[in-house]
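To start, the structure under review is shown below, and the notes come after it.
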Amino acid sequence: QVQLVESGGGLVEAGGSLRLSCTASGRTLSSRAMGWFRQASGKEREFVAAISPSGGSTRYTDSVKGRFSISRNNPKNTLYLQMNSLKPEDTAVYYCGASDRNMVVATTRMIDYWGQGTQVTVSS
């Protein structure tokens, strides 16, 4: 079993930056693909960014390309999401997810483990 805990969310003005972290316990993340997803109020959870087990491959949803960067530190069992140039439409609860698959995963149905989420609010 894998337990995931997100941190780093908060309130920021448009144009600002935040760095989210996701720390795992229970079992190593080094063999697992991971990703960030978000869910705005009244909407379905959607894909944001994903990374392969080695960190060599990444994928982003179009709306965050050039602004967000996903990375991981396998020895520390930690996943990161650096978010720059934040916009009000980025406001959502952000979830960390891990998959037992060893390829980049970009859909919620391919995630096997979820964190509890961290709120990101971007004011205009």
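Computation of the quantities below employed the complete heavy-atom set of this structure, encompassing side-chain atoms and omitting hydrogens, waters and symmetry-equivalent molecules.
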Any side-chain heavy-atom pair of Gln119 and Thr121 under 4.5 Å: yes
Is there a continuous path of hydrophobic side-chain contacts, each under 4.5 Å between heavy atoms, that joins Val120 to Met34? yes
I'd like to know whether Asp62 forms a salt bridge (Lys or Arg N to Asp or Glu O under 4.0 Å) with Lys65, so could you lay out the CA-CA distance, the side-chain angles of the two residues, the decisive distance to 0.1 Å, and finally the verdict. CA-CA 5 Å; Asp62 286 346; Lys65 286 180 181 177; 3.0 Å; yes
Do Val93 and Arg45 have side-chain heavy atoms sitting under 4.5 Å apart? no
Ile70, Val64: one ILVMFWY side-chain cluster at the under-4.5 Å cut-off? yes
Worked check of side-chain hydrogen bond (donor to acceptor under 3.5 Å, both in side chains) between Asn84 and Ser17: CA-CA 4 Å; Asn84 299 326; Ser17 298; 2.9 Å; yes
Same cluster for Leu20 and Val2 if Ile/Leu/Val/Met/Phe/Trp/Tyr side chains link at under 4.5 Å? yes
Gln3 versus Ser25: any side-chain heavy-atom pair under 4.5 Å? yes
Considering all heavy atoms, the nearest Ala49-Leu81 contact: CB-CD1, 4.2 Å
Exam field: side chain Asp112 to backbone Asp100, donor-acceptor pair closer than 3.5 Å: yes
State yes or no: do Val48 and Leu86 share one hydrophobic cluster built from I, L, V, M, F, W and Y residues joined by side-chain heavy-atom distances below 4.5 Å, directly or via other members? yes
Compare all side-chain heavy atoms of Leu79 with those of Ile51 and state whether any distance is below 4.5 angstrom. yes
Looking at Leu29 and Ala24, what are the two nearest heavy atoms and their distance? CD1-CB, 3.2 Å
Does any non-hydrogen side-chain atom of Pro53 lie less than 4.5 Å from one of Arg32? no
Do the non-hydrogen side-chain atoms of Gln39 and Glu46 ever get within less than 4.5 Å of each other? no
In terms of heavy-atom contacts, Ala33 and Val105 come closest through CB-CG2, 4.2 Å
For Val104 and Ala50 the tightest heavy-atom approach is CG1-CB, 3.5 Å
Would you say Thr78 and Arg72 make side-chain contact, with heavy atoms under 4.5 Å? no
Considering non-hydrogen atoms only, spot the tightest contact between Ser63 and Arg67 and give its length. O-NH2, 2.9 Å
Minimum heavy-atom distance between Gln116 and Glu6, given as atom pair plus value: OE1-OE1, 2.8 Å
Taking the ring of Trp114 and the ring of Phe37, is the distance between their centroids below 6.0 Å? yes
Taking the side chain as every heavy atom from C-beta outward, state whether Met103 and Met110 have any pair of such atoms under 4.5 Å apart. yes
Are Tyr94 and Leu18 connected in a single hydrophobic cluster, I mean Ile/Leu/Val/Met/Phe/Trp/Tyr linked by side-chain heavy atoms less than 4.5 Å apart? yes
Would you kindly check if the NZ (Lys) or CZ (Arg) of Arg38 is within the cone defined by 45 degrees around the ring axis of Tyr95 and under 6.0 Å from the six-membered ring centre? no
